[in-house]
**Q** 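The structure under discussion is supplied below as structure tokens; questions concerning it will follow.
All of these numbers come straight from a predicted model, not from anything done at the bench.
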Protein chains: 2
Amino acid sequence: MAAQRGQRGGPGRKSAESAAPVGSGAPAASEVTTPMPAVDEQRARSIPEAAVARLAVYLRVLSAMAEQGATTVSSEELSSSAGVNSAKLRKDLSYIGSYGTRGVGYEVDVLVGQIERTLGLTHNHQVAVVGIGNLGHALANYGGFPGRGFPVAALFDVDEDLIGVPVGGLAVNHIDEIPLVCAQRGISIGVIATPPAAAQAVCDRLVAGGVESVLNFAPVVLQVPEHVEVRKVDLAVELQILSFHVARRADDDEETEPAANGQAKGVDRVVIGR
Amino acid sequence: MAAQRGQRGGPGRKSAESAAPVGSGAPAASEVTTPMPAVDEQRARSIPEAAVARLAVYLRVLSAMAEQGATTVSSEELSSSAGVNSAKLRKDLSYIGSYGTRGVGYEVDVLVGQIERTLGLTHNHQVAVVGIGNLGHALANYGGFPGRGFPVAALFDVDEDLIGVPVGGLAVNHIDEIPLVCAQRGISIGVIATPPAAAQAVCDRLVAGGVESVLNFAPVVLQVPEHVEVRKVDLAVELQILSFHVARRADDDEETEPAANGQAKGVDRVVIGR
DNA sequence: ACGATTTTGTGCATGTGTTCACAAGTGGAT
DNA sequence: ATCCACTTGTGAACACATGCACAAAATCGT
Ligand SMILES: NC(=O)c1ccc[n+]([C@@H]2O[C@H](COP(=O)([O-])OP(=O)(O)OC[C@H]3O[C@@H](n4cnc5c(N)ncnc54)[C@H](O)[C@@H]3O)[C@@H](O)[C@H]2O)c1
Ligand SMILES: NC(=O)c1ccc[n+]([C@@H]2O[C@H](COP(=O)([O-])OP(=O)(O)OC[C@H]3O[C@@H](n4cnc5c(N)ncnc54)[C@H](O)[C@@H]3O)[C@@H](O)[C@H]2O)c1
């Protein structure tokens with residue numbers, strides 16, 4: 001698990017489709033990989049992928065609590081604020097160590113510190129945004145990133161009219177400069193907000209510039225070398241998943257309630273919560 | 001409801017913190033699908049959540065292939081284009097039926113049609129965007145949604161200066177009108193792009209307007225009634241997950257390679273403190 | 001000092017998702 | 001007609017994730 005090396009012996013590229021960074025990695029028990037079946041040593045290194053995502057959420061909730069002046073928090077409180085059940089929360093926290101006090105709870109500061117350490121947030125990660133269109137502008141101007149340790153340190157586009165123009169206080173560079181500028185400024189995360197057709201080429205340049213983490217907004221599956229991590233944000237897919245659930249609900253209703261369904265604006269049970 | 005005891009929390013509300021990430025998992029799914037005990041009478045109605053997300057990706061790839069003139073495709077081709085392994089692809093497709101021909105592959109049109117049917121894309125889903133700021137503008141102007149069956153049919157904001165202003169060809173309404181307008185226009189999906197502090201209130205109004213599917217961009221955990229489906233897109237979380245992997249890589253390198261590390265253009269190991 | 005009370009941390013059972021591997025079809029060649 | 005190369009569809013094994021339930025540790029009240 002920890003040492004997930006070789007994927008298919010094929011080319012030096014793996015394809016990355018979002019949600020499952022580790023998912024597509026076929027174990028392919030051929031390579032050297034871990035000789036030992038049971039990884040006895042250094043096991044603390046593997047935190048379930050799903051748990052990592054939730055840790056980020058806990059961190060946000062904890063930060064908010066800290067701002068409110070809270071000093072300690074129980075797993076029950078924290079979990080309900082984070083929208084998970086308390087057993088899951090405790091298990092997630094147990095992956096990063098034992099920082100709670102039985103009978104009392106967790107100290108907010110300590111937890112914040114430990115989660116930050118685990119997520120590698122103890123230092124900044126320079127971010128580059130490529131494709132300064134509608135979405136790119138929004139991202140470049142968004143204040144939430146720098147505040148959380150992700151300063152936007154480079155902007156790129158092909159559009160000559162945009163080159164040199166400051167967006168969010170930073171001048172746009174030409175995409176040909178991606179490798180150079182990324183290396184110079186120590187960019188560690190590249191964000192792709194170009195049209196789909198340009199995304200792969202842009203990604204290749206980012207990789208050439210030493211970027212090993214990519215967040216992709218373009219609706220395409222990027223091919224990247226082994227060591228590069230890609231996550232995608234695909235709004236069309238999100239909407240389609242919601243659509244699926246709408247359809248499922250409709251089917252279920254139809255089944256359990258074959259008659260009487262005047263397509264009415266079922267707005268009657270308005271249950272605006274307190 | 002399957003008498004889920006212990007499910008603490010409010011009365012008719014569940015909190016929603018789902019995402020694209022691997023495990024994701026809308027907890028609601030299990031409750032809705034098979035309320036009754038393990039009776040083998042169970043219909044094959046339930047498609048794994050993760051598979052649904054991938055079906056959307058396959059659909060996009062297939063559509064592109066169809067445009068290129070392809071008429072048939074094998075699981076091997078399609079899976080490599082979609083960035084998954086072929087067994088997974090075939091299993092995913094098997095959830096929606098048997099539409100392939102052994103020894104040949106799948107007919108592209110048929111597959112497109114079946115996936116669309118499964119995802120409920122045979123008719124349009126009206127979308128409302130709330131919070132017409134940086135992100136809201138980008139969403140309202142984005143051409144990719146209407147083209148895929150998700151016409152943006154309503155826009156809302158609190159800002160008086162925005163009310164009535166056309167954005168992407170549609171006038172902005174005041175948020176007080178959310179329940180009314182959503183019901184009138186048959187909105188089925190609400191997109192929240194407001195500041196975090198406003199998100200819950202906005203969500204409540206969407207629900208009051210009959211919206212049962214919400215896509216949330218605000219970094220907060222929304223509380224919604226049972227029957228409402230929420231998906232979130234949290235960019236800060238995405239970046240933090242990438243950060244985690246950067247950190248893990250750094251740790252691993254350090255471990256397996258204690259000394260000597262000067263080949264790269266010093267792109268890794270950004271040590272700016274914070 | 002000690003039991004009542006609270007809350008963590010985790011072993012275990014359960015559930016979900018992924019991968020393997022191969023029998024069963026299909027079309028084309030001989 | 002028979003064989004062969006190819007590809008699907010799926011049972012079964014495995015891997016990962018979740019939730020339960022309770023022992024262990026801490027605090028508080030008496
Ligand atoms: N806008 C949205 O709400 C939205 C929603 C979902 C997905 N997306 C996706 O995000 C991406 C960007 O969307 P957008 O609405 O900002 O598009 P946009 O057309 O507004 O902006 C695209 C930008 O990319 C630049 N560009 C074009 N080719 C380039 C290249 N080769 N290298 C670098 N830059 C290049 C263009 O000059 C432009 O500035 C698209 O892939 C789109 O599908 C956008
Ligand atoms: N811009 C980004 O790139 C980005 C990235 C990640 C997350 N987000 C999140 O998306 C959301 C929107 O971001 P943004 O950059 O567009 O913010 P923004 O400030 O540009 O826009 C927010 C809009 O919401 C409106 N608004 C405020 N209160 C409202 C209310 N009660 N009801 C309805 N509308 C209200 C404001 O008038 C404004 O038009 C935020 O929650 C932000 O955290 C944005």
**Q** The side chain of A:A87 is closest to which nucleotide in this list: C:dT8, D:dC20, C:dC20?
**A**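 Of the candidates, D:dC20 comes closest.
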**Q** Give a yes/no answer on whether the side chain of A:S98 brings an N or O atom under 4.0 Å of OP1 or OP2 in C:dG9.
**A**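 Yes, because at least one side-chain N or O of A:S98 sits under 4.0 Å from OP1 or OP2 of C:dG9.
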**Q** What is the distance, rounded to the nearest whole Å, between atom CD1 of A:I96 and atom P of C:dT8?
**A**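 Spelled out: CD1 on A:I96 to P on C:dT8 is 14 Å.
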**Q** From CG of B:L55 over to P of C:dG17, roughly how many Å is that when rounded to an integer?
**A**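 My rounded result for the distance is 13 Å.
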**Q** Can you tell which of D:dT8, D:dG19, C:dG17 lies closest to the side chain of B:Y106?
**A**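 Among the listed nucleotides, the one closest to the side chain of B:Y106 is D:dT8.
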**Q** My understanding is that only one of B:R90, B:K88, B:K91 makes a side-chain hydrogen bond (donor to acceptor under 3.5 Å, both in side chains) with B:S75; could you say which?
**A**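 That would be B:R90; it is the only one of B:R90, B:K88, B:K91 passing the side-chain hydrogen bond (donor to acceptor under 3.5 Å, both in side chains) with B:S75.
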**Q** For each nucleotide in nucleotides 1-6 of chain C, reading 5' to 3', give B when a protein heavy atom comes within less than 4.0 Å of its base, S when such contact involves only the sugar-phosphate, and - otherwise.
**A** -----B
**Q** Check each of A:H245, A:E238, A:R249 against B:S213 using the side-chain hydrogen bond (donor to acceptor under 3.5 Å, both in side chains) test, and report the only one that passes.
**A**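 Single side-chain hydrogen bond (donor to acceptor under 3.5 Å, both in side chains) partner of B:S213 among A:H245, A:E238, A:R249: A:R249.
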**Q** Whether the side chain of B:T118 engages the backbone of B:Q114 through a donor-acceptor N/O pair (distance < 3.5 Å, no angle test) should be reported.
**A**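 Between the backbone of B:Q114 and the side chain of B:T118 there is a qualifying donor-acceptor contact (under 3.5 Å).
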**Q** Take A:E49 and A:R231 through the salt bridge (charged side-chain N to carboxylate O under 4.0 Å, His left out) test and state the conclusion after the steps.
**A** CA-CA 12 Å; A:E49 187 72 16; A:R231 292 191 65 84; 3.6 Å; yes
**Q** Once you round it to whole Å, what is the distance between C1' of C:dG9 and CG of A:L93?
**A**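 Taking CG of A:L93 and C1' of C:dG9, I get 10 Å after rounding.
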**Q** Given D:dA26, is OP1 or OP2 found less than 4.0 Å from the side-chain N or O atoms of A:T101?
**A**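 Indeed not, no polar side-chain atom of A:T101 lies that close.
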**Q** Choose from D:dA17, D:dT8, C:dT18 the nucleotide whose nearest atom is closest to any side-chain atom of A:P48.
**A**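 Among the listed nucleotides, the one closest to the side chain of A:P48 is D:dA17.
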**Q** Please evaluate the base of D:dG19 for a donor-acceptor partner in the side chain of A:K91 within a cut-off of under 3.5 Å?
**A**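 Between D:dG19 and A:K91, which were checked side chain against base, a qualifying N/O pair under 3.5 Å is present.
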**Q** How many whole angstroms separate atom CG of B:L78 from atom C1' of D:dT8?
**A**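 It is 13 Å, rounded to the nearest whole Å.
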**Q** Counting N and O atoms only, with roles assigned by atom type, does the side chain of B:N85 sit under 3.5 Å from a partner on the main chain of B:L89, one being a donor and the other an acceptor?
**A**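 No, B:N85 side chain to B:L89 backbone: no donor-acceptor pair under 3.5 Å.
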**Q** Do the side chain of B:E76 and the main chain of B:S86 share a donor and acceptor less than 3.5 angstrom apart?
**A**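 Judged by distance alone, no pair lies under 3.5 Å.
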**Q** In whole Å, what is the span from the NZ atom of A:K88 to the C1' atom of D:dA21?
**A**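 That distance rounds to 17 Å.
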**Q** Side chain of A:R90 only, heavy atoms from C-beta on: which candidate in C:dT8, D:dA17, C:dT18 is closest?
**A**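 Closest nucleotide to the A:R90 side chain: C:dT8.
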**Q** Quick one: does B:I115's side chain get under 4.5 Å of B:Y58's, heavy atoms only?
**A**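 The answer is yes, as the side chains (C-beta and beyond) meet within the 4.5 Å cut-off.
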**Q** Hey, which of these two, B:S75 or A:A51, hits DNA chain D nearer its 5' end, going by closest nucleotide?
**A**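 The residue closer to the strand's 5' end, by nearest nucleotide, is B:S75.
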**Q** Rounded to the nearest Å, what distance is computed from the CG atom of residue B:L111 to the C1' atom of nucleotide D:dT8?
**A**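 That distance rounds to 12 Å.
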**Q** Can you tell me the distance, in whole Å, between the CG atom of A:L89 and the C1' atom of C:dT7?
**A**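 Going from A:L89 (CG) to C:dT7 (C1'), I get 12 Å.
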**Q** For A:Q114 and C:dG9, what is the distance between atoms CD and P respectively, to the nearest whole Å?
**A**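 Result: 12 Å.
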